[in-house]
Colleague: 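Pasting a structure here, questions to come.
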Amino acid sequence: MISYLTGKVLERKPDGLVVLIGGLGLDVHAPAGTIDKAPEAGEAISLYTYLHVRQDVLQLYGFDSSE
């Protein structure tokens, strides 16, 4: 389970962020409030995460707080 991550923002998208961690770019879905608070591309970010697992997809969600 992925519960927290720290990396660099590669891209801000309408529905989330792409975060670079150790050479791997993770597509992290996020609510608008978290995206608005996210730093610009190239800057560090830390997110609390929830990995949603279904039979046909894995979706990683990121939040700026554990609440």
Side-chain angles (χ1 to χ4, degrees):
M1 180 65 102
I2 301 169
S3 59
Y4 189 83
L5 61 83
T6 298
K8 287 187 180 179
V9 176
L10 282 183
E11 182 181 352
R12 293 171 64 156
K13 304 186 313 183
D15 63 344
L17 305 162
V18 178
V19 181
L20 178 65
I21 301 174
L24 181 66
L26 298 179
D27 188 9
V28 182
H29 297 276
T34 297
I35 296 169
D36 291 342
K37 293 178 186 175
E40 296 300 319
E43 296 183 33
I45 189 168
S46 295
L47 297 168
Y48 292 90
T49 61
Y50 168 73
L51 180 61
H52 182 74
V53 179
R54 290 193 333 216
Q55 182 176 355
D56 59 340
V57 69
L58 297 173
Q59 291 176 311
L60 186 62
Y61 291 87
F63 307 92
D64 59 349
S65 75
S66 60
E67 304 282 318

Colleague: Count I, L, V, M, F, W, Y as connected when their side-chain heavy atoms are under 4.5 Å apart, and connections chain through other members. Are L5 and L17 then in the same cluster?
Modeller: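 Yes.
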Colleague: For the hydrophobic clusters of this structure (ILVMFWY residues joined by side-chain heavy atoms under 4.5 Å, transitively), does one cluster hold both F63 and Y4?
Modeller: no
Colleague: Just so I know, are the side chains of L51 and M1 near enough to count as touching, which here means a heavy-atom distance under 4.5 Å?
Modeller: yes
Colleague: More than 12 heavy atoms of other residues, nucleotides or ligands under 6.0 Å from NZ of K37: is that the case?
Modeller: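 No, not enclosed.
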Colleague: A side-chain contact here means heavy atoms from C-beta on lying under 4.5 Å apart; do L26 and I2 qualify?
Modeller: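 They are not in side-chain contact.
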Colleague: If every non-hydrogen atom of R12 is compared with every non-hydrogen atom of I35, which pair is closest and at what distance?
Modeller: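 Heavy-atom minimum between the residues: NH2-O, 2.8 Å.
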Colleague: When hydrophobic residues are tied together by side-chain contacts of less than 4.5 Å, even through go-betweens, does Y61 share a cluster with L10?
Modeller: no
Colleague: Can you tell me how far the OG1 atom of T6 sits from the CD1 atom of I45, to the nearest 0.5 Å?
Modeller: 9.0 Å
Colleague: What distance do S65 atom OG and L47 atom CG have between them, rounded to the nearest 0.5 Å?
Modeller: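 That separation rounds to 10.5 Å.
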Colleague: What closest approach, in Å, do G62 and P31 show between heavy atoms, and which atom pair accounts for it?
Modeller: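 Distance-wise, the nearest heavy atoms are O-CD, 3.4 Å.
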Colleague: Would you give the length of the straight line joining atom OG1 of T49 to atom NE2 of H29, rounded to the nearest 0.5 angstrom?
Modeller: 12.5 Å
Colleague: Give the cluster check for Y50 versus L58: same hydrophobic cluster or not, with ILVMFWY residues linked at side-chain heavy-atom distances below 4.5 Å.
Modeller: no
Colleague: Going only through I, L, V, M, F, W and Y residues with side-chain contacts under 4.5 Å, is there a path from V18 to V57?
Modeller: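 V18 and V57: separate clusters.
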